[in-house]
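Nothing here was measured: the structure is a model prediction, and the numbers come from that model.
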2 protein chains.
Amino acid sequence: MIDKLDLKYMKLALNEAKKGYLLDEVPIGCVIVSSGVVIRAHNTKEKTKDATCHAEINAIKKACKKLDAKVLPNATIYVTVEPCLMCLGAILQARITRLVYGAKEEKFGATSVLDNYQSNHTLLVSGGVLENEAKELMQEFFKAKRLK
Amino acid sequence: MIDKLDLKYMKLALNEAKKGYLLDEVPIGCVIVSSGVVIRAHNTKEKTKDATCHAEINAIKKACKKLDAKVLPNATIYVTVEPCLMCLGAILQARITRLVYGAKEEKFGATSVLDNYQSNHTLLVSGGVLENEAKELMQEFFKAKRLK
């Protein structure tokens with residue numbers, strides 16, 4: 001059974017993903033909940049022409065700024081799609097407590113790396129929250145891209 | 001035998017690390033060479049209070065901006081210390097061709113992850129260039145921190 005709060009914040013993350021979609025960005029959305037503050041971000045790689053501007057990196061940067069903190073302990077990060085290596089690493093760097101993602105990313109998803117990578121921080125990971133919604137959004141986006 | 005160009009750019013990266021040191025940042029420096037353009041950056045995590053502001057992320061962001069490109073193929077990235085998971089992931093995201101690092105990072109260095117992580121991009125990796133200089137700078141920095 002999925003936690004009500006997890007559902008609530010993943011819905012917000014999905015809304016962010018949809019915002020990205022409308023801006024022709026890969027539709028991945030992210031929400032960080034930390035110390036009662038809710039931060040939202042989507043992918044802006046196309047707009048910014050910056051390889052690092054994934055939803056998670058954007059959200060972590062926003063959260064650090066908003067909370068005036070270089071790390072975010074006690075935070076939960078919600079992402080509609082399993083994070084890539086860069087974003088997973090950023091989540092560890094920010095010492096975020098918990099990662100909740102929607103759809104598994106078979107090719108670039110990096111959470112399995114945690115089994116072998118030594119870090120000084122333990123991250124709790126849950127996957128599959130609103131998985132189908134996140135997956136359908138991605139499939140629709142790439143299908144439309146291919147048709148263009 | 002170490003390539004002359006590798007030595008030249010690693011020296012620049014070490015200079016960046018020293019700049020960071022003087023600003024009380026963990027002394028790691030980075031240089032990206034791409035299409036004849038040389039981009040330099042150091043760690044700015046303390047100054048910006050941003051968990052993502054490692055030398056490599058700063059350099060990739062600068063390079064994307066300078067070259068107006070969301071990826072940096074044919075680029076080489078020089079880092080004084082082996083990259084962490086986040087920075088290694090960012091290097092893959094930016095499709096950088098080659099990574100040259102100085103000192104091995106026993107705890108957080110992530111290059112061994114490449115053996116198992118599936119990515120659609122092959123990164124060439126060389127380590128050990130001006131290793132001792134990079135290592136001594138780090139040791140000196142953390143020794144001074146402990147004495148404070």
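Hydrophobic cluster membership is shared by B:Ile32 and B:Leu123, with clusters built from Ile, Leu, Val, Met, Phe, Trp and Tyr side chains linked at under 4.5 angstrom. If you chain together hydrophobic residues whose side chains sit under 4.5 Å apart, A:Val79 and A:Leu137 fall into the same group. A continuous path of ILVMFWY side-chain contacts below 4.5 Å connects A:Ile77 to A:Leu67, so both sit in one hydrophobic cluster. Note: the hydrophobic cluster containing B:Leu14 also contains B:Val31 (ILVMFWY, side chain heavy atoms under 4.5 Å, direct or indirect links).
Note: B:Asp68 leads B:Asp68, B:Ile60, B:Thr48, B:Leu88 in heavy-atom pairs under 4.5 Å with chain A. Comparing A:Ala63, A:Ser119, A:Cys84 by heavy-atom pairs within less than 4.5 Å of chain B, the highest count is held by A:Cys84.
Closest approach of B:Lys70 and A:Ala51 over heavy atoms only: O-CB, 3.0 Å. Scanning all heavy atoms of the two residues, the minimum distance from B:Ala90 to A:Thr52 falls at CB-CG2, 4.4 Å.
Here the straight-line distance linking atom CG of B:Leu85 with atom CG of A:Leu85 works out to 4.5 Å at 0.5 Å rounding.
When side chains are defined from C-beta on, A:Lys61 counts as touching B:Cys53, because their heavy atoms get closer than 4.5 Å.
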Intermediate values then yes/no, salt bridge (Lys or Arg N to Asp or Glu O under 4.0 Å), A:Lys65 and B:Asp50: CA-CA 7 Å; A:Lys65 202 166 184 180; B:Asp50 180 332; over 6 Å; no
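Taking non-hydrogen atoms and a 4.5 Å limit, the residue list of residues 91-113 of chain B in contact with chain A, ordered by number, reads B:Leu92, B:Gln93, B:Ala94, B:Lys107, B:Phe108, B:Gly109, B:Ala110, B:Val113.
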